[in-house]
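Scroll down for the structure; my scribbles are underneath it.
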Amino acid sequence: MPKITLPDGSKRFYKEPISTIEIAKSIGSSLAKATIAGKINNVLIDATLPIYKDSNLVIITSKDKEGIEIIRHSFAHLVGHAVKQIYPEVQMAIGPVIDEGFYYDVFSEHRFTPEDLLKIEERVNKLIKQNYNVVISQANKKEAINIFKERNEIFKLRIIEGIDDNALINLYKHQEYIDMCRGPHVPNTKHLRYFKLTKLSGSYWRGNSQNESLQRIYGTAWTSQKDLDEYLKRIEEAEKRDHRKIGKKQSLFHIQEESPGMIFWHPNGWMIYQILEKFIRDILLKNNYLEIKTPQAVDKSLWEKSGHWEKFRDDMFTTASESRIYAIKPMNCPCHVQVFNQGLKSYKDLPIRLAEFGSCHRNEPSGSLHGLMRVRNFTQDDAHIFCTEEQIQEEVSKFIDLVFEVYKTFGFDEIIIKLSTRPSKRVGSEDIWDKSEEALSQALNNKGLSWQLQPGEGAFYGPKIEFSLKDCLNRLWQCGTIQVDFSMPMRLDATFVDVNNEKKHPVMLHRAILGSFERFIGILIEQYEGKFPIWLAPTQIILLNITDRNSEKCIELNKQINEKGYRSKVDLRNEKIGYKIRESTMQRIPLIGVVGDKEQTDNSISIRSLDGTNLGIFKLNELYTFMESLIDKKGRVH
RNA sequence: GCCCUUGUAGCUCAGCGGUAGAGCACUCCCUUGGUAAGGGAGAGGUCUCGGGUUCAAGUCCCGACGAGGGCACCA
């Protein structure tokens with residue numbers, strides 16, 4: 001006699017155990033048609049499974065977030081169904097839901113190509129039209145093993161091995177195809193309509209490159225054609241913001257075959273880079289950092305001492321000379337310790353904050369390179385804070401504030417914070433790791449920030465907080481970071497004299513605000529769609545003459561603006577004004593100044609903004625005031 | 001590093017067995033025009049590199065290198 005309470009508080013009594021879909025039917029036939037699953041006391045359940053006890057029930061339809069996820073999940077099964085029909089020898093691994101879609105990892109001798117994807121898509125469409133029931137059944141472990149043995153699904157068998165002996169396993173029958181899943185799933189394929197298989201990729205069983213190579217089929221799925229179309233449109237639009245495309249269009253930088261993963265900065269891009277560097281340098285000086293510069297190549301013995309050689313030897317570029325081996329520095333920290341080690345330090349000197357715009361080289365795997373985001377040569381806005389244990393909290397806290405202050409300047413509204421803790425391969429005692437992880441999580445909690453834990457993802461010498469930003473396709477890139485390190489100072493024998501006149505090792509905090517200039521600029525390009533705020537814009541204003549009569553006036557005004565310290569240039573080509581405006585607009589120059597006979601007479605400029613607004617006629621001093629106000633704002637949105 | 005895709009003029013791309021094409025950009029000429037493309041002419045390519053198949057190869061096959069999307073990695 002289950003009593004069912006619905007979200008509006010109304011109660012319904014049933015004589016027998018009853019399924020969600022039957023309850024929906026008793027409410028209304030259109031609700032029943034739309035029912036995808038039930039949520040009983042906050043736990044999702046298949047729509048066709050009976051409910052025995054008194055429960056709170058929410059009927060899930062495609063309007064619910066959970067509904068879309070179930071649809072996506074069922075689409076993965078449906079793709080499985082189609083794949084097995086076309087390629088019966090394929091073995092199915094896992095098929096989970098992801099953001100805006102799903103994938104299925106499969107094992108097959110056959111190498112899938114984009115043409116195969118179309119074939120599979122076609123088959124899925126065929127199956128969809130049959131509106132068949134997805135039938136759930138429950139099996140114990142032994143039964144499940146038999147079923148998947150018979151079907152030669154070795155990956156499913158491996159999954160079953162990890163399941164509790166007494167657990168019931170949900171099996172979903174899509175006609176002749178059987179999948180195994182926690183569920184729930186849609187009761188009928190009529191709920192599965194709007195999808196597209198998007199891409200193929202390689203993957204590894206259980207995400208481990210030592211395991212079997214699998215092939216991953218990605219798809220996206222929605223609850224209406226409109227949503228699907230909008231999604232595809234959105235991706236298309238986002239791709240236009242790709243920093244590599246804009247970088248080419250606006251001549252910011254290039255990369256070429258002879259130096260993969262290393263950047264040739266062009267005048268425009270290098271201007272942005274320099275402005276950023278100056279901006280950070282000023283901030284560091286204000287915050288009591290001391291800037292230094294250390295060597296590019298350092299004898300391998302130092303990297304052996306620091307522990308890098310053992311762990312990263314293959315990832316370093318090396319060079320040999322006179323029977324010595326040097327590593328091109330992959331990071332700055334060992335060098336910074338060398339600077340710290342010069343001269344005796346007292347506890348009174350701490351904290352010492354050594355900063356460097358350090359150019360580092362890392363031989364990153366070829367497949368990981370990605371425009372400016374992942375490169376082999378990058379420059380960090382790096383610094384190492386040498387302090388006592390007692391000073392950690394405050395330093396970390398101050399640093400977090402600094403990161404937010406800087407990021408706010410660029411208008412980022414989504415900063416993802418993660419805390420990465422001790423990895424399996426590490427140096428340092430458990431006690432030290434406990435202390436370090438505690439210090440970082442405390443600092444975050446004290447600020448009331450929300451953050452995610454990433455167990456096992458820390459650096460080999462210490463845990464870290466990561467500040468990540470998203471690119472145009474929502475991919476996450478770590479930018480800022482702060483890492484607690486008790487080990488490096490010991491290994492490299494950094495010491496200070498404490499209040500009891502005893503030598504002690506300082507703690508070292510590795511930290512970067514932007515991370516690398518390369519990556520950060522990549523993010524900025526996509527953030528601004530190449531329309532840089534005026535303080536960063538390589539060219540801030542361009543002057544266009546209407547006719548040759550106005551050329552000299554343009555040159556004269558341009559010279560004055562330049563001398564005033566603004567980045568101004570002219571376009572005096574014999575072209576119509578509309579043409580030149582179009583070109584400047586496409587070059588994303590924030591201000592376009594037009595000088596014709598009228599302006600020439602009263603020594604003024606007609607100014608137009610990048611978005612096409614006519615800002616009116618400006619005298620030079622008015623222009624300076626106006627530009628100054630824009631520059632002050634930087635990239636802030638609030 | 002792994003899987004799929006891909007590499008043709010400065011850029012974007014077409015050509016997919018018979019000896020290279022478009023638009024834009026560039027050069028020159030005409031045009032001096034007031035807020036997102038005025039007109040004409042011209043120049044420009046050992047089709048990434050190295051092998052192979054073929055009478056004949058950007059075009060098919062193999063390999064290398066680069067790039068794109070994922071995976072793995074990320075001090």
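We use all heavy atoms of the structure for the numbers below, so side chains are in, but hydrogens, waters and symmetry mates are not. Numbered from 1 within each chain, the chains take letters A, B, ... in sequence-line order.
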Nearest-Å distance for atom pair CH2/C1', residues A:Trp205 and B:C2: 18 Å
Atom pair distance, as rounded to whole Å: CZ in A:Arg582 and C1' in B:G33: 18 Å
Pairing partner of B:G63 (Watson-Crick or G-U wobble, both distances under 3.5 Å): B:C49
Euclidean distance for P, B:U46 against B:A37 (whole angstrom): 35 Å
Interatomic distance at C1', B:G70 relative to B:U12, whole Å: 25 Å
Of A:Lys580 and A:Pro260, the one whose closest RNA chain B nucleotide lies more 5': A:Lys580
Interatomic distance at P, B:G21 relative to B:A9, whole Å: 14 Å
Give each protein N/O atom lying under 3.5 Å from an N/O atom of nucleotides 11-14 of chain B, with the pair distance.
{"from": "B:U12", "atom 1": "OP1", "to": "A:Lys248", "atom 2": "NZ", "distance (Å)": "3.1"}

Any pair counted as side chain to side chain donor-acceptor pair (under 3.5 Å), so long as it reaches residues 508-520 of chain A, sequence neighbours left out: A:Tyr289-A:Arg511, A:His384-A:His510, A:Asp485-A:His510
Touch class at under 4.0 angstrom, heavy-atom based, for A:Ser213 against every strand present: sugar-phosphate
A:Gln215 and A:Ser108: side chain donor to acceptor below 3.5 Å: no
B:C16 and B:C61, which share atom name P, separated by this distance in whole Å: 15 Å
Any side-chain donor near an acceptor of the partner, A:Thr294 and A:Lys329, under 3.5 Å: yes
Residues forming a salt bridge (Lys or Arg N to Asp or Glu O under 4.0 Å) with A:Arg313, sequence neighbours excluded: none
Nucleotide forming a Watson-Crick or wobble pair with B:G17, both distances under 3.5 Å: none
B:G7 versus B:G17 - spacing of their P atoms, nearest Å: 15 Å
Separation of B:G68 C1' from A:Ile235 CD1 (nearest whole Å): 15 Å
Reference residue A:Ile465; test side chain to side chain contact (heavy atoms under 4.5 Å, CB included); the match among A:Ile400, A:Thr481, A:Val484: A:Ile400
Contact pattern, 5' to 3', of nucleotides 69-75 of chain B - B, S or - by protein heavy atom under 4.0 Å: BBBBBBB
Donor-acceptor contact present, side-chain A:Tyr407 to main-chain A:Gly480, <3.5 Å: yes
Could you list the protein-to-nucleotides 61-63 of chain B atom pairs, N/O on both sides, closer than 3.5 Å?
none

A:Glu109 CD: over 12 foreign heavy atoms closer than 6.0 Å: no
C1' spacing across the pair B:U48 / B:G66, given as an integer number of angstrom: 8 Å
Selected nucleotide, minimal atom distance to A:Arg549 side chain, candidates B:C4, B:U32, B:A25: B:U32
Base-pairing assignment for B:U54 (Watson-Crick or G-U wobble, both under 3.5 Å): none
Touch class at under 4.0 angstrom, heavy-atom based, for A:Ile581 against every strand present: base
A:Lys619 atom NZ, over 12 foreign heavy atoms within 6.0 Å: yes
Plane angle bin for A:Phe460 and A:His308 - parallel if under 30°, tilted between 30 and 60°, otherwise perpendicular: perpendicular
A:His243 and A:His370 aromatic ring geometry - parallel, tilted or perpendicular at 30°/60° bounds: tilted
B:U6 versus B:G15 - spacing of their P atoms, nearest Å: 12 Å
Touch class at under 4.0 angstrom, heavy-atom based, for A:Arg206 against every strand present: nothing
Within residues 89-108 of chain A or reaching into it, pairs that qualify as salt bridge (Lys or Arg N to Asp or Glu O under 4.0 Å) - sequence neighbours excluded: A:Glu100-A:Arg234, A:Asp105-A:Arg216
Sugar-phosphate, base or nothing in reach of A:Ser584, heavy atoms under 4.0 Å: nothing
Qualifying residues under side-chain contact (heavy atoms from CB on, under 4.5 Å), relative to A:Ser366, sequence neighbours excluded: A:Arg376
Who pairs with B:A36 - Watson-Crick or G-U, where each distance is under 3.5 Å: none
A:Asn545 versus A:Ser551, side-chain donor and acceptor atoms under 3.5 Å: yes
Sub-4.0 Å heavy-atom contacts from residues 293-303 of chain A onto RNA chain B, ordered by number: none
Flag for A:His336-A:Asp382: side-chain donor and acceptor within less than 3.5 Å: no
Letter per nucleotide, 5' to 3', of nucleotides 38-48 of chain B [B base touched, S only sugar-phosphate touched, - untouched; heavy atoms, 4.0 Å]: B----------
Nearest-Å distance for atom pair CD1/P, residues A:Ile577 and B:A37: 12 Å
Whether over 12 other heavy atoms sit under 6.0 Å from A:Glu122 CD: no
Atom-to-atom span, CG of A:Leu197 to C1' of B:U5 - whole angstrom: 16 Å
Complementary nucleotide for B:G23 - Watson-Crick or wobble, under 3.5 Å: B:C11
Parallel, tilted or perpendicular: rings of A:Phe399 and A:Phe467 (30°, 60°): perpendicular
Chi-angle category of B:G58 [syn within 90° of 0, anti beyond]: syn
The single option from A:Trp205, A:Phe155, A:Phe112 passing ring pair (Phe, Tyr, Trp, His ring centres under 6.0 Å) against A:Phe107: A:Phe155
Separation of atom CG in A:Asp116 from atom P in B:C3, rounded to whole Å: 16 Å
For A:Tyr204, all residues meeting side-chain contact (heavy atoms from CB on, under 4.5 Å), sequence neighbours excluded: A:Ser209, A:Ser213
Residue closer to the 5' end of RNA chain B, A:Thr547 versus A:Pro114 (nearest nucleotide): A:Pro114
Interatomic distance, A:Met586 CE vs B:U35 P [rounded to whole Å]: 18 Å
Distance, P atom - from B:C29 to B:C65, rounded to whole angstrom: 49 Å
Sugar-phosphate only, base, or nothing, as touched by A:Glu599 at under 4.0 Å among non-hydrogen atoms: base
A:Glu526 with A:Arg475: basic N within carboxylate O range, under 4.0 Å: no
Contacts of type side-chain contact (heavy atoms from CB on, under 4.5 Å), residue A:Glu230, not counting sequence neighbours: A:Lys226, A:Asp227
Contacting residues from residues 98-112 of chain A, given that a heavy atom lies under 4.0 angstrom of RNA chain B: A:Arg111, A:Phe112
Residue matched to B:C73 through Watson-Crick or wobble contacts both under 3.5 angstrom: none
Atom pair distance, as rounded to whole Å: CE in A:Met262 and P in B:A67: 11 Å
